[in-house]
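Proteins come first, then strands; the chains are lettered A, B, ... in the order of their sequence lines, and each starts at number 1.
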There are 2 protein chains.
Amino acid sequence: MTPDAAGRDPSSFAGPAEPGPRGRDGGGARRTTQRAAVLAALHDADGFRTAQELHDVLRAAGERVGLTTVYRSLQLLSDTGEVDVLLNDAGEAMYRRCERRGHHHHLVCRSCKKSVEIESGEVERWTERAAGEHGFSAVTHTMEVFGLCTTCSPA
Amino acid sequence: MTPDAAGRDPSSFAGPAEPGPRGRDGGGARRTTQRAAVLAALHDADGFRTAQELHDVLRAAGERVGLTTVYRSLQLLSDTGEVDVLLNDAGEAMYRRCERRGHHHHLVCRSCKKSVEIESGEVERWTERAAGEHGFSAVTHTMEVFGLCTTCSPA
DNA sequence: CATGAAGTTGACAATCATTTTCGATAAGGG
DNA sequence: CCCTTATCGAAAATGATTGTCAACTTCATG
Ligand SMILES: [Zn+2]
Ligand SMILES: [Zn+2]
Ligand SMILES: [Zn+2]
Ligand SMILES: [Zn+2]
């Protein structure tokens, strides 16, 4: 399966995208055309995309990139925090290049997958407090908001 | 009040992944030992469990229940809202029989998976407002809080 | 510019949770 | 008890994601 879709937290449950960058860069990250292509495709999309969708786009655009590489690049990018990941209903990972660097959430269109980055100290504070009241520590959370964007909204 | 049915499958991110309404009505829901066993096992657990974990428990208890049936029963139970579902890091579905019937969230122990049901009008209100400000309609959301419960907390 | 070590790639096989198949079985109304 | 039909469940299928590993780049160095 997916040992860790987000590239962290070896335990069973999901955790949010924690900012804690590991020592990283043990070796040198090379600049390859494939990796650049993936990032570019990701940049063109204004919504979340699955690895396979990105692969299709790349192939359609004439790029010679293997599906395996797309997966690896996305994994890498999400590890370094350059792209955000979220699991859809089917449990499939979807990626998106985000503007904000720190912790934030998303408002995603159920139809076109377009998304807006949102932030909420309110929610952050609430989760901390709620967890604390129950004696839980090392608190993290996940949260995604779905809906229909203006263009996809009926009538 | 929450316009949406609230439940547990709000996201509905993957459009065509909708298998459609189960074999609803048309006949009668029969009382089978297997289905009862699954519900019982679910009742005994005080935390979220995967279909396979539940199957293992049942088999270990001597129950003769097939994995397929466990999956089907859980699907059925979640459809009727009798159990809650959430996806873990690996995108695997985990189920739990909840006390609360309406929309609520969970505080889950990353280690033992024990969980507490929590509710928050604050968060509900916030998501509605945030989505509205961006022109999104038919808003739904997902949110889970993870941490370490008192017994699993180190030192 | 040549070279080699180490990071990368990609076709293909392997995983593995979940679903589908479909003949066998059990539930329950008449 | 009988018959219709929901349900089982073993096995095969599905499908996203990962592992494999030989061939291939990148890039620092001479
Ligand atoms: Zn849209
Ligand atoms: Zn947050
Ligand atoms: Zn615990
Ligand atoms: Zn809520």
Side-chain angles (χ1 to χ4, degrees), chain A residues 1-8 10 12-14 24-39 48-56 58-59 62-80 83 85-95, chain B residues 9 13-39 48-56 58-59 62-80 83 85-95:
Chain A
M1 226 64 335
T2 308
D4 57 343
R8 55 173 54 69
S12 305
F13 277 100
R24 61 176 304 21
D25 246 317
R30 293 177 183 170
R31 162 135 287 151
T32 68
T33 50
Q34 290 86 340
R35 209 166 286 173
V38 171
L39 199 61
F48 281 86
R49 296 285 184 282
T50 65
Q52 313 217 28
E53 287 174 339
L54 288 169
H55 180 241
D56 290 343
L58 290 169
R59 297 301 287 274
E63 296 285 348
R64 281 183 288 84
V65 186
L67 179 56
T68 308
T69 297
V70 174
Y71 271 108
R72 272 188 300 232
S73 298
L74 290 173
Q75 182 89 258
L76 215 79
L77 289 169
S78 71
D79 282 348
T80 62
V83 302
V85 198
L86 69 73
L87 299 180
N88 66 17
D89 250 4
E92 303 171 5
M94 301 197 87
Y95 305 80
Chain B
D9 102 288
F13 207 44
E18 200 64 41
R22 191 70 321 146
R24 197 127 300 297
D25 60 59
R30 292 180 184 171
R31 195 133 317 169
T32 68
T33 51
Q34 290 87 339
R35 210 165 285 173
V38 172
L39 198 59
F48 281 87
R49 296 286 183 282
T50 64
Q52 313 218 27
E53 287 173 339
L54 288 168
H55 180 243
D56 290 342
L58 290 170
R59 296 301 287 274
E63 297 283 349
R64 283 184 287 82
V65 187
L67 178 57
T68 308
T69 298
V70 174
Y71 272 109
R72 271 189 298 232
S73 298
L74 291 173
Q75 180 91 258
L76 215 77
L77 289 169
S78 73
D79 281 348
T80 62
V83 302
V85 199
L86 70 73
L87 299 180
N88 66 15
D89 230 9
E92 302 170 8
M94 301 197 87
Y95 304 81

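- B/D79 has its CG atom 15 Å from the C1' atom of C/dT18, to the nearest Å.
- In this structure, CD of A/Q34 is placed 11 Å from P of C/dA11, rounded to the nearest angstrom.
- Atom CG in A/L74 sits about 14 Å away from atom C1' in D/dT18, given to the nearest Å.
- Atom CG in B/L67 sits roughly 17 Å away from atom P in D/dA13 (whole-Å rounding).
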Check nucleotides 21-27 of chain C against the protein and report each pair of N or O atoms closer than 3.5 Å, with its distance, or say if there are none.
none

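- Of the candidate nucleotides D/dT18, C/dT18, C/dT9, C/dT18 has the atom nearest to the side chain of B/Y71.
- Considering all non-hydrogen atoms of both residues, A/L54 and A/R49 come closest at CG-CB, 3.8 Å.
- Nearest nucleotide to the side chain of A/A93, out of D/dT17, C/dT18, C/dG10: D/dT17.
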Test side-chain contact (heavy atoms from CB on, under 4.5 Å) applied to A/F48 and A/L86, step by step: CA-CA 8 Å; A/F48 281 86; A/L86 69 73; 3.6 Å; yes
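- Atom pair A/D89:CG and C/dT18:C1' shows a separation of 15 Å (rounding to whole Å applied).
- Scanning all heavy atoms of the two residues, the minimum distance from A/H55 to A/L67 falls at NE2-N, 3.4 Å.
- Atom OG1 of A/T80 sits about 11.0 Å away from atom CD of A/Q75, to the nearest 0.5 Å.
- Look at CD on B/Q52: it is 11 Å from P on C/dT19, rounded to the nearest Å.
- Taking each heavy atom of B/V70 and B/A51 in turn, the nearest pair found is CG1-O, 3.5 Å.
- In the helix from C/dC1-D/dG30 to C/dG30-D/dC1, the terminal helix axes, each the rotation mapping four pairs' C1' atoms onto the next four within five end pairs, subtend 30°, rounded to 10°.
- Among all heavy-atom pairs drawn from A/T50 and A/E92, the shortest one is CG2-OE1, 3.9 Å.
- For the atom pair OG1 (A/T32) and CD (A/Q34), the distance works out to 5.0 Å, reported to the nearest 0.5 Å.
- Here the CE atom belonging to B/M94 is positioned 4.5 Å from the CD atom belonging to B/E53, to the nearest 0.5 angstrom.
- In plain terms, the two heavy atoms of A/V65 and A/A37 that are nearest each other are CG2-CB, 4.4 Å.
- If you measure from atom CD of A/Q75 to atom C1' of D/dA16, you get 13 Å, rounded to the nearest angstrom.
- Each of B/R59 and B/R35 was matched to the nucleotide of DNA chain D holding its nearest heavy atom; the match closer to the 5' end belongs to B/R35.
- Protein atom CZ of A/R49 is 16 Å distant from nucleotide atom P of D/dA16, rounded to whole Å.
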